[in-house]
There are 2 protein chains.
Amino acid sequence: MASSYEHPRAALTVDCVVFGVDDGDLKVLLIQRDLEPFRNRWALPGGFVHVDETLEQAALRELREETGISRVYLEQLYTFGSLARDPRERVITVAYYALVKLTDHAVQAATDAREAAWFAVTDLPKLAFDHDEILATALARLQAKVRYEPVGFELLPQKFTLTQLQRLYEIILEHPLDKRNFRKKVLALDLLLELDEVEQDVAHRAARLYRFDERTYRALVKQGLHFEI
Amino acid sequence: MASSYEHPRAALTVDCVVFGVDDGDLKVLLIQRDLEPFRNRWALPGGFVHVDETLEQAALRELREETGISRVYLEQLYTFGSLARDPRERVITVAYYALVKLTDHAVQAATDAREAAWFAVTDLPKLAFDHDEILATALARLQAKVRYEPVGFELLPQKFTLTQLQRLYEIILEHPLDKRNFRKKVLALDLLLELDEVEQDVAHRAARLYRFDERTYRALVKQGLHFEI
DNA sequence: CCAAAAGTGTTCACGGTACACCCATGC
DNA sequence: GCATGGGTGTACCGTGAACACTTTTGG
């Protein structure tokens, strides 16, 4: 390896695709840029990586600073390095995606005065930089991942009904599922704890609430469980 | 986004995990370092990303320079950014993995005088930096990917026997497969072209040769084919 | 003729899918 | 009592898994 000091360096950023689900829609959290380039355009939350923090720390810090969100499921997505993705100079960005429970994270004003807002993925504005591409990549990853890993629960409240869970899968996968088969399948996994509670304040028969049993899940994974919806 | 000029920058490298399959073993191409740190240790081929090349271009260039390999299947793996992964300074590395046909790529002396050699993944030396971790990540990815995408063919010669293909899967997945079921399944996919040729110079009945029909595969993928072994 | 690997079908168990009605509750 | 969603079971089909013998060829 040659000395790294001899050459100009690319800048390094992180960007986060934050997903949430909200009555019938899969949503993404965007912030409105207040600086050039792409001033006033909507963009993914993100920013420069400090030299003394890990990539994941940088992603979490930017999320906190720009959107007020702090406890989330976060996973690295892909690193984007096209030559002209930032018009100012060479910038490589490591993209992450995050899953949040919208019930816990009402939209907060960003701490640094940029506006933050949730957009349905089916109705997005044109984004800054190559953020359209990053978002599309994240969506594809979420759709693939949700089939074989129980990440969907990160998007629901702790206590949820089976119908809510089914709706979640239908929203993400973009096709309807059969109610009886869905229930049979998820209950057969033995990963849901049936609670002694039902939903409140509904104008019809109240549905039973369930909780995802993460402890059991981790144990079963070690024994070679293959989660699949 | 704040100006990127105000802060010290991390260095950016690419590293490549190059897989090949050779009579019964899954192998990885390593180079021996001739500089500190980790002088004389084996390491993944890789190096600094130039400011005017994409990440993929950098990976391909380093592969060519350090190992002489040029036409390969290449895919981004993961970006590693621990604080102390390089003892000299902060270095982020974007890892790629590559699949090569060993028949086409006999081990070549590296052009810059470092030694390059193939190692069975079951018998690896201790590697420089966090390259053990990168390699383990690549291996897990290959094992997952080979089940649901036809990447295995990148590791075989253009013309191969069904037994060679089965051996390949057994080597990567690390468990034996049933011969009749395996043949039934891969032939049912209709992605193999039966050639009018048989293998040569074997001391027993010669097996028929097949070729992977990439054209048909691409067409079927568009129609929603789900390849799976 | 012997050694070595090629090639080939059937049975069984299980999981996926399709499908419709009664029940509980709030208003 | 009516509207709304909650909750439940069965029959069929296709795929995955287990399993052993005959054929071809070279030496």
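Chain letters run A, B, ... following the sequence lines, proteins first, then strands; residues in each count from 1. Predicted model only: the values in this text are computed from it and were never measured.
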Sugar-phosphate only, base, or nothing, as touched by B:Arg208 at under 4.0 Å among non-hydrogen atoms: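 Sugar-phosphate contact only.
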Touch class at under 4.0 angstrom, heavy-atom based, for B:Thr161 against every strand present: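 It contacts nothing in the nucleic acid.
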What is the distance from [atom1] of [X] to [atom2] of [N], rounded to the nearest Å?
{"X": "A:Leu177", "N": "C:dT17", "atom1": "CG", "atom2": "P", "answer": "9 Å"}
{"X": "A:Leu192", "N": "D:dG7", "atom1": "CG", "atom2": "C1'", "answer": "15 Å"}
{"X": "B:Leu165", "N": "C:dG7", "atom1": "CG", "atom2": "P", "answer": "13 Å"}
{"X": "B:Leu209", "N": "C:dA6", "atom1": "CG", "atom2": "C1'", "answer": "13 Å"}
{"X": "A:Gln166", "N": "D:dG5", "atom1": "CD", "atom2": "P", "answer": "14 Å"}
{"X": "A:Glu199", "N": "D:dG5", "atom1": "CD", "atom2": "P", "answer": "11 Å"}
{"X": "B:Leu162", "N": "D:dT24", "atom1": "CG", "atom2": "C1'", "answer": "16 Å"}
{"X": "B:Arg183", "N": "C:dA5", "atom1": "CZ", "atom2": "P", "answer": "13 Å"}

Given [options], the nucleotide with the shortest approach to the side chain of [X]:
{"X": "B:Arg180", "options": "C:dG7, D:dG6, C:dT8", "value": "C:dT8"}
{"X": "A:His204", "options": "D:dT25, D:dT4, C:dT8", "value": "D:dT4"}
{"X": "B:Asp178", "options": "D:dG6, D:dC19, D:dG27", "value": "D:dC19"}

Distance-only side-chain donor-acceptor flag, A:Arg167 / A:Thr161, under 3.5 Å: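 Judged by distance alone, the side chains do not pair up.
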Donor/acceptor link under 3.5 angstrom from B:Lys184 side chain onto base of D:dT15: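 Side chain to base: no pair present.
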hbond_proxy A:Lys185 side chain to C:dG15 base (donor-acceptor, 3.5 Å cutoff):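 Checked by distance alone, the answer is no.
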Between A:Phe38 and A:Phe129, ring centroids under 6.0 Å: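 Yes; A:Phe129 has its ring centre under 6.0 Å from that of A:Phe38.
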A:Phe153 and A:Phe160 aromatic centres sub-6.0 Å: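 Under 6.0 Å, so yes.
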Test side chain to side chain contact (heavy atoms under 4.5 Å, CB included) applied to B:Leu99 and B:Val72, step by step: CA-CA 6 Å; B:Leu99 305 180; B:Val72 295; over 6 Å; no
Crowding at CD, B:Gln158 (>12 non-hydrogen neighbours, <6.0 Å):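 No.
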Most 5' of B:Asn181 and B:Gln164 on DNA chain C, judged by nearest nucleotide: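 By nearest-heavy-atom nucleotide position, the 5'-most residue is B:Gln164.
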